[in-house]
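Written out below as structure tokens is the structure these notes cover.
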Amino acid sequence: MKNFKYELVHEDAKTKARLGKLNIFGKVVETPIFMPVGTLATVKFLSPEDLKKIHAGIVLSNTYHLWLRPGEKIVKQAGGLHKFMNYDGPILTDSGGFQVFSLADTRKINEEGVTFKSHLDGSTLHLTPEKSIQIQMDLHSDIAMSFDECIPYPSDYEYTKRSTERTIRWAKRGLAVHNIDDQALFGIVQGGEYTDLREACAKELAALDFDGYSIGGTSVGEDKPTMYKMIEDAIRYLPQDKPRYLMGVGAINDLLNGIERGVDMFDCVLPTRIARHGTLMTSKGRINIKKAMYADDFTPVDPECDCECCQNYTKAYINHLFRTKEGLGMRLMSIHNLRFLIRLMEEARQAIREDRFKEFKEEILASYPFDERGF
RNA sequence: GGAGAGGUAGCGAAGUGGCUAAACGCGGCUGACUGUAAAUCAGCUCCCUACGGGUUCGGCAGUUCGAAUCUGCCCCUCUCCA
């Protein structure tokens, strides 16, 4: 019996937002949760201590990238991902399915799996559903993902149908070889923008013995209404007693719209990537710290933020660190953006607890100067 | 005082008669970024009343149909020798 359990603590009165507790082999996190991405067994520029300080619950890592470097056997030899990177919080690994999308120029898909050209040296690599699960078992993350194809947008109905059906077969193949009790395995709902395909995929996966369900194939270029419809279509037939994970979503309004529709888990590179590129999320809107106007601005990035960056440093200093390409700047900016989203989740959970998620969402959306990107 | 090298856009640096408002790099200014091939990428960066026009390559005067590129003089910088 797996010690992995989702407990629905409270459902918001007016929306489908849900407050939950996820017991991950003894480590409990509250949901909805935002999970920082640490592709190569590190959230870029942050130490595990930093992750603790910002109250990161679950951290992501990546099958494809760790398979190439350092190789799953090295990680296994180290005693698993937790020991290897010295992070004792829950770790979720993506299956490599996203690389089927992001490395599309250098790969081929067939029923068996995907043939990649290594982005490092061009060598030929074969990743199959079984191989992906095997690697993830060696990595020994807490939560593994089924190997899927993240379908590009737009894709026509016929292709989406064939790909989604293949992803379901791949999910079954992965499930069949997954044989460790201290790792959860999630199925991934695909189906593109087509309601019937999303629903059918969700239904079929829900009938299988997965520990949770992911919604994949979003934030790949579609507009917001389409994304939100994809979420609704995917969730409609997912079980209440299993966590739902919306993959790759991290824009502020997307997070809120996801929660409103019943999503429990999110991950995204957005906060850390835009931080490294100089963009910071604040309670007054997005700022680009490299702008000349911040060179002599001696106020914090966000006075309402409790992170290390905002508590100790000024915009002028961060601006200087960015211009001089100092690593500390990268670290502080990443810490800030992550903390910003993690805090947003904390507030969202409180709002759900108090049956006012709808108001909370409206308030944030009204007060934050978003543009169509949503952050 | 003698010998040599050189002065090009904010900086560095190509270019040595027309294809040059002038490569490239840095700096500067914008913008992008959603399961990370990303401390990355894209655009702009002489001036203007800007699908066109006006002034540039130390200064002045020339040669030439045409000069950053050739000639003369002048100014300045650096290196070496006294």
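All values reported here derive from a predicted model rather than from experimental measurement.
Nucleotides B:rC60 and B:rA67 have their C1' atoms positioned 15 Å apart, rounded to a whole Å. Atom P of B:rC11 sits at a distance of 14 Å from the matching atom of B:rC47, rounded to the whole Å. B:rC41 and B:rU79 have their C1' atoms separated by 44 Å, with the value rounded to a whole Å. Annotation: B:rC44 and B:rA9 have their C1' atoms spaced 15 Å apart (nearest Å). Of the C1' atoms belonging to B:rG25 and B:rG35, the separation is 37 Å, rounded to the nearest Å. A gap of 28 Å separates the P atoms of B:rC70 and B:rG1, to the nearest Å. Comparing the P positions of B:rA21 and B:rC75 gives a spacing of 33 Å, expressed to the nearest Å. B:rG2 sits 43 Å from B:rC46 when the P atoms are compared, rounded to a whole Å.
Rounded to the nearest 0.5 angstrom, A:Ile289 CD1 and A:His336 NE2 are separated by 9.5 Å. Atom CG of residue A:Leu344 and atom OG of residue A:Ser283 lie 11.5 Å apart, to the nearest 0.5 angstrom.
When A:Arg339, A:Gln311, A:Lys53 are each tested for a side-chain hydrogen bond (donor to acceptor under 3.5 Å, both in side chains) with A:Asp306, only one passes: A:Arg339.
Regarding A:His336, its NE2 atom lies at a distance of 20 Å from the P atom of B:rA39, rounded to whole Å. Taking atom NZ of A:Lys290 as the reference point, atom P of B:rC44 lies 16 Å away to the nearest angstrom. Spacing between atom CG of A:Leu338 and atom P of B:rU34 amounts to 16 Å, rounded to whole angstrom units. Look at CE on A:Met293: it is 17 Å from P on B:rG28, rounded to the nearest Å. Taking atom CD1 of residue A:Ile289 and atom C1' of nucleotide B:rA32, one finds them 18 Å apart after rounding to whole Å. In this structure, A:Arg323 atom CZ and B:rA39 atom C1' are separated by 16 Å, rounded to whole Å. Protein atom CG of A:Asn288 is 10 Å distant from nucleotide atom C1' of B:rA32, rounded to whole Å. Regarding A:Phe322, its CZ atom lies at a distance of 10 Å from the C1' atom of B:rU40, rounded to whole Å.
At a threshold of 4.5 Å between non-hydrogen side-chain atoms, the residues A:Leu66 and A:Leu81 count as touching.
Residue contacts for A:Arg69: at a heavy-atom cut-off of 4.0 Å it reaches no nucleic acid atom on any strand shown. As judged by a 4.0 angstrom heavy-atom cut-off over every strand, A:Lys117 is placed among residues making no nucleic acid contact. A:Lys291 comes within 4.0 angstrom of sugar-phosphate atoms only, judged by non-hydrogen atoms across all strands, and of no base. Looking at heavy-atom distances under 4.0 Å, A:Phe45 makes contact with a base.
In the set B:rC33, B:rU30, B:rU34, the nucleotide with an atom closest to the side chain of A:Thr279 is B:rC33.
The pairing partner recorded for B:rG18 is B:rC65, the criterion being a Watson-Crick or G-U wobble arrangement whose two distances lie under 3.5 angstrom. Under the Watson-Crick and G-U wobble criteria, each requiring two contacts below 3.5 Å, nucleotide B:rG25 is paired to B:rC11. Nucleotide B:rC46 forms a Watson-Crick or G-U wobble pair with B:rG54, both donor-acceptor distances falling under 3.5 Å. With both pairing distances under 3.5 Å, B:rU79 is matched to B:rA3 as a Watson-Crick or G-U wobble pair. Across the strands present, B:rG35 finds no partner; the criterion is a Watson-Crick or G-U wobble pair with both atom distances under 3.5 angstrom.
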Short N/O separations, protein against nucleotides 35-38 of chain B, under 3.5 angstrom:
from, atom 1, to, atom 2, distance (Å)
B:rG35, OP1, A:Val269, N, 2.8
B:rG35, O4', A:Gly248, N, 3.0
B:rG35, O4', A:Asp267, OD1, 3.3
B:rG35, O4', A:Asp267, OD2, 3.2
B:rG35, O2', A:Asp94, OD2, 3.4
B:rG35, N1, A:Asp148, OD1, 3.3
B:rG35, N1, A:Asp148, OD2, 2.8
B:rG35, N2, A:Asp94, OD1, 2.9
B:rG35, N2, A:Asp148, OD1, 3.1
B:rG35, N2, A:Asp148, OD2, 3.4
B:rG35, N3, A:Asp94, OD1, 3.2
B:rG35, N3, A:Asp94, OD2, 3.3
B:rU36, OP1, A:Asn62, ND2, 3.1
B:rU36, OP1, A:Asp94, OD2, 3.4
B:rU36, OP2, A:Thr39, OG1, 3.1
B:rU36, O4', A:Arg273, NH2, 3.1
B:rU36, O3', A:His65, NE2, 3.3
B:rU36, O3', A:Gln99, NE2, 3.3
B:rU36, O2, A:Arg273, NH2, 3.3
B:rU36, O2, A:Arg276, NH2, 3.3
B:rU36, N3, A:Arg276, NH2, 3.2
B:rU36, O4, A:Thr272, OG1, 2.7
B:rA37, OP2, A:Ser102, OG, 2.6
B:rA37, O5', A:His65, NE2, 3.0
B:rA38, O2', A:Arg276, NH2, 3.1
B:rA38, N7, A:Arg273, NH2, 2.8

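The side chain of A:Lys325 places an N or O atom within less than 4.0 Å of a non-bridging phosphate oxygen (OP1 or OP2) of B:rG27.
Applying the salt bridge (charged side-chain N to carboxylate O under 4.0 Å, His left out) rule to pairs touching residues 15-26 of chain A yields A:Arg18-A:Asp264, sequence neighbours excluded.
The aromatic ring centres of A:His119 and A:Tyr64 sit less than 6.0 Å apart.
Applying the side-chain contact (heavy atoms from CB on, under 4.5 Å) rule to A:Ala184 yields the partners A:Phe4, A:Phe25, A:Ile143, A:Phe186, A:Asp211; only residues at least two apart in sequence or on another chain are considered.
Relative ring orientation between A:Tyr213 and A:Phe210 is described as perpendicular, the plane-to-plane angle rising above 60° on a 0-90° scale split at 30° and 60°.
In this structure, A:Lys203 forms a cation-pi arrangement with A:Tyr237, its terminal cationic atom sitting closer than 6.0 Å to the ring centre and no more than 45° off the ring axis.
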